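Here is the structure we will look at, set down as structure tokens.
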Amino acid sequence: NVTVMNRDTNKVSTTFKDVAGLDEAKTEVMEFVYYLKNPERYKEIGAKIPKGALLYGPPGTGKTLLAKATAGESGVPFLTMSGSDFMEMFVGVGPSRVRDLFAQARKLAPCIIFIDEIDAIGRARGRGGLIGGNDERENTLNQLLVEMDGFSPNSGVVVFGGTNRADILDNALLRPGRFDRQILIDAPDIRGRHDIFLVHLRPLKVSDPPGIEKIAQRLAALTPGFVGADIANVCNEGALVAARESVNKIELRHFEAAIDRVIGGLEKRNMVMS
Ligand code: ATP
């Protein structure tokens, strides 16, 4: 059933200004932006654009965000599916979803496909998995390889894959003509956290003084180990705490309370995992 696809075929409003830090990664994906804006030029001159790139790094660091912003910068549709969505109880569903996704993309080209958690399909053969049978997963992976080999380099379809586990991926996925580029999306350092705080504080009513710049600096120093997703969470939690107190500006102390909450959540998560 195609309707279960998590699809966003409208023009995307997310752009690079929504993505803080990740400067090198942005530079790398610019190649695709130039191409998607003007595929004809590449065709005429005979330049072959890579078919795709693997975005890899820890959870919550902005892989999905960067893929979406690349579509936004290029002004093209963004089709997204998670690797685990391909895995179903019923034999044959995975491969047919892959076929549908690429058929859709060919119709919408130029466009970007993003397959999150690509390791759920692309785990090296012979390794077990929790969801779906192994044969089904291999068939799904094979279908993905067939689709990636099947479209010509200048078809206007760019495929991004996202994973936290690049180390377990089947080498077949990383061969030339498939995910030929691998782009690291790493956890932010203090400057990166500061910049991410700025992005997420900007839409909020923050008390001034001290102002958003000072608050971002302070919060970045308080949050070693936090990734973008945690930072977005802190900003929203801070706003919730302030709203409950019915003050009309969010103060530093609200965000500090939010950090404690988020750290509490992270500790719980780690306890469950270990
Ligand atoms: P996962 O591996 O768990 O799928 P991910 O790397 O794809 O995670 P995203 O889903 O892109 O992470 O990030 C979640 C949210 O965190 C984003 O929607 C955004 O609000 C925030 N975020 C993450 N990284 C950044 C960043 N570099 N700049 C601004 N916001 C960020």
Side-chain angles (χ1 to χ4, degrees), residues 6-8 12-30 52-73 78-87 112-123 131 159-169 179 182-204 206 212-213 215-217 219-220 223-240 255 258-259 261-263 265-266 269-270 272-273:
N6 167 18
R7 221 194 263 136
D8 179 3
V12 178
S13 61
T14 307
T15 62
F16 284 167
K17 71 170 174 0
D18 301 304
V19 188
L22 305 181
D23 292 337
E24 273 176 45
K26 281 185 201 165
T27 310
E28 294 221 33
V29 297
M30 271 315 285
L54 186 73
L55 308 179
Y56 71 99
T61 46
K63 295 179 286 296
T64 309
L65 184 68
L66 181 68
K68 193 165 188 185
T70 308
E73 286 291 328
F78 183 63
L79 283 77
T80 168
M81 239 174 124
S82 172
S84 51
D85 294 345
F86 291 103
M87 299 300 146
I112 291 180
I113 293 179
F114 179 63
I115 305 174
D116 199 5
E117 292 177 49
I118 194 155
D119 45 282
I121 318 170
R123 203 180 304 117
I131 327 158
V159 190
F160 285 153
T163 183
N164 312 317
R165 296 296 314 271
D167 55 315
I168 60 167
L169 288 182
F179 292 101
Q182 282 118 50
I183 304 175
L184 173 64
I185 311 292
D186 214 348
D189 60 8
I190 187 164
R191 252 205 74 181
R193 295 197 299 277
H194 164 268
D195 294 348
I196 300 173
F197 268 113
L198 281 185
V199 165
H200 292 277
L201 289 172
R202 217 165 274 134
L204 304 176
V206 171
I212 104 168
E213 176 55 40
I215 289 183
Q217 272 174 23
L219 295 175
T223 50
F226 279 40
V227 295
D230 303 323
I231 291 173
N233 201 356
V234 165
C235 291
N236 190 55
E237 287 281 337
L240 291 176
F255 293 115
I259 289 173
R261 272 211 207 174
V262 171
I263 289 176
L266 292 176
R269 199 166 74 196
N270 290 341
V272 173
M273 278 164 66

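In each ligand, atom 1 is the first atom listed, and ligand 1 is the first ligand listed. Numbers here simply count residues along the sequence, with the first being 1. The shown structure was predicted, so the numbers you read here are calculated from the model rather than taken from an experiment.
Under 4.0 Å from ligand 1, the heavy atoms of Asn164 that appear belong solely to its side chain. When heavy-atom distances to ligand 1 are checked against a 4.0 Å cut-off, Ala229 comes that close through both its backbone and its side chain. Residue contacts with ligand 1, taken as heavy atom pairs separated by less than 4.0 Å, do not involve Glu117 at all. Contacts between Asp116 and ligand 1, counted as non-hydrogen atom pairs separated by less than 4.0 Å, involve the side chain only.
Atom 30 (N) of ligand 1 has as its closest protein heavy atom His200 NE2, 2.9 Å. With respect to atom 25 (C) of ligand 1, the closest heavy atom belonging to the protein is Leu65 CD2, 3.6 Å. Protein heavy atom at the shortest distance from atom 27 (N) of ligand 1 is Ala20 O, 2.9 Å. The single protein non-hydrogen atom nearest to atom 12 (O) of ligand 1 is Gly62 N, 3.3 Å, given as residue, atom name and distance.
Polar contact check, Gly60 against ligand 1: a nitrogen or oxygen pair lies under 3.5 Å apart. Residue Ile196 has no N or O atom closer than 3.5 Å to an N or O atom of ligand 1.
Using a 4.5 Å cut-off on side-chain heavy atoms (C-beta onward), Leu66 and Phe160 make no contact. Residues Glu213 and His194 are in side-chain contact: their nearest non-hydrogen atoms beyond the backbone lie under 4.5 Å apart.
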